[in-house]
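Since we're looking at a predicted model, the values are computed, not measured.
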Amino acid sequence: MLPASPFLLLACAGLLAGCAVRSDQVAPAPTAVQPLLALSCNQLRGALDGVEQQVEDLAFAVDAQRGNNFIALGLGVMAFWPALMVMRGNEQQAAELALLKGEHEALLQAMASKPCARDEAPDVPKLPDDGVHRGLPAAGDRYTYQDFEPISGQPAGRIEWRLRKVKPGRLEYVSGDETMRWTTDAAGNWRSGAVMGLRLLRFLRADAVPGQQLEGEVGTGDVQDGVGRIEGRVTALLTHELEGRRFEAARIELQGHVPSNVRDTQTPAAGSEGIEGWLVVERRTGQVLQAEVRSGNPAFAWRRRLVRFVRG
């Protein structure tokens, strides 16, 4: 039996991959607002927080399945037909996401009609500045970073962001000018929103230990861009103090491959560039304290260092 040609594999895989949609392509399902008007503002806020978490989790799952399809596409073209068999649509997850998005919109409409302020209550109580709490993240914490040109190493400006909310399993950040918001899980892996730097997906682990092997994906700050595959190893644990904040950190060496064309999310097998370097990340939050990452694709080259911290 003759082996299938790459062109046939591409055609078949294209049909399979076409069944998968991105989370941002899923429209909210119509949801009645009237039943929600009987809830108090506090009840609506609590329900909204819960739904937002579910939306983020399911959107992440929808996009992960789509990404797995494209990874399988690359394997199938370069290696063997069975790799394509792992590809499948994500219609059921997308349908569930549509319902949750509809519920989210209905909750916002109910809150607006009452009206209710979304952030009427403080996000978390202010933590005492003592030895027990000094290393814990708190809403209002501000981080200032110095960026550097990837090749020359010359300073390239500073950026600032603020930790807006601390919730179980989720951290929400906002840029200094309030124009960008993004969330991560408790380990620092990206969940939603456009970020000021690289997005690490399913890569970081909470409470990393020396010798631990890591693998996951990396993307640029633009959520519409393609992602690459990376693997890493925890090489050391560090303690760093900056302006009254003690950071328990891990140094991670990483390497992998990223798309040659950062906008090409459809055919990852078409070309790739190497990526390598290291990160120093806080073990409690995954906050990147320092980064030296090189790549043949400039969009994935990253040099950054935390230079200032202000306690919330």
Side-chain angles (χ1 to χ4, degrees), residues 134-138 140-164 171-177 179-190 193-201 203-208 210 212 214 216 218-222 228 230 232-256 258 274-312:
R134 216 169 36 151
L136 298 178
D141 286 354
R142 290 184 176 272
Y143 302 82
T144 302
Y145 288 85
Q146 177 68 60
D147 277 346
F148 301 89
E149 294 292 343
I151 297 177
S152 69
Q154 295 299 310
R158 293 191 173 191
I159 61 172
E160 177 184 299
W161 64 65
R162 173 172 56 88
L163 180 54
R164 183 172 177 267
L171 301 172
E172 181 178 319
Y173 297 91
V174 61
S175 60
D177 60 5
T179 60
M180 298 172 62
R181 291 189 181 186
W182 64 96
T183 60
T184 69
D185 64 18
N189 296 290
W190 174 86
V195 302
M196 304 176 74
L198 294 182
R199 293 177 291 133
L200 299 173
L201 296 83
F203 180 67
L204 300 173
R205 302 291 182 269
D207 296 325
Q212 185 174 20
L214 308 170
V218 60
T220 69
D222 189 335
I230 55 174
R233 185 171 67 90
V234 179
T235 59
L237 299 183
L238 312 167
T239 300
H240 179 63
E241 295 234 8
L242 181 64
E243 301 184 22
R245 172 79 148 81
R246 183 172 62 243
F247 297 92
E248 302 292 340
R251 179 184 170 104
I252 300 172
E253 304 280 348
L254 64 86
Q255 63 180 1
V258 298
I275 184 173
E276 64 176 4
W278 54 269
L279 307 171
V280 174
V281 300
E282 186 182 15
R283 296 171 69 204
R284 287 191 176 96
T285 65
Q287 185 80 250
V288 175
L289 308 181
Q290 191 168 357
E292 295 276 350
V293 179
R294 302 170 296 279
S295 175
N297 183 338
F300 287 88
W302 196 27
R303 299 184 71 172
R304 175 173 290 175
R305 185 175 71 243
L306 180 67
V307 295
R308 187 165 184 257
F309 171 80
V310 177
R311 188 63 165 161

If every non-hydrogen atom of Gln146 is compared with every non-hydrogen atom of Pro155, which pair is closest and at what distance? NE2-CB, 3.6 Å
To the nearest 0.5 Å, what is the distance between CZ (Phe247) and NE2 (His240)? 7.0 Å
Taking 4.0 angstrom as the limit, do Asp141 and Arg162 come out as a salt bridge? no
Give me the ring orientation class for Tyr173 and Trp182: parallel if the planes are under 30° apart, tilted from 30 to 60°, perpendicular past 60°. parallel
Is there a side-chain contact between Leu289 and Leu238 in this structure, where contact means two heavy atoms from C-beta onward sitting under 4.5 Å apart? no
For residues Val234 and Ala208, report the shortest heavy-atom separation together with the two atoms involved. CG2-CB, 3.8 Å
Would you call Arg164-Glu172 a salt bridge at under 4.0 Å N-O? yes
Using a strict threshold of under 4.0 Å (side-chain N to carboxylate O), is an ion pair present between Arg246 and Glu248? yes
pair Leu254-Phe203: side-chain heavy atoms closer than 4.5 Å: yes
Looking at Val218, Ile230, Val293, which one forms a side-chain contact (heavy atoms from CB on, under 4.5 Å) with Phe300? Val218
With heavy-atom distances below 4.5 Å as the criterion, would you say the side chains of Pro137 and Arg245 are in contact? yes
Distance-only, no hydrogens or angles: does the Asn189 side chain make a donor-acceptor pair with backbone N or O of Leu204 under 3.5 Å? yes
May I ask you to decide if Val288's main-chain N or O and Tyr143's side chain share a donor-acceptor pair within less than 3.5 Å? no
Interatomic distance, CG@Leu306 vs OG1@Thr144, rounded to 0.5 Å, equals 7.5 Å
Report the C-alpha separation of Gln287 and Thr184 in whole Å, then their side-chain angles, then the decisive distance to 0.1 Å, and conclude whether the side chain to side chain contact (heavy atoms under 4.5 Å, CB included) test is met. CA-CA 9 Å; Gln287 185 80 250; Thr184 69; over 6 Å; no
Less than 4.5 Å apart, any side-chain heavy atom of Phe148 and any of Glu292? no
Quick one: does Val307's side chain get under 4.5 Å of Arg158's, heavy atoms only? yes
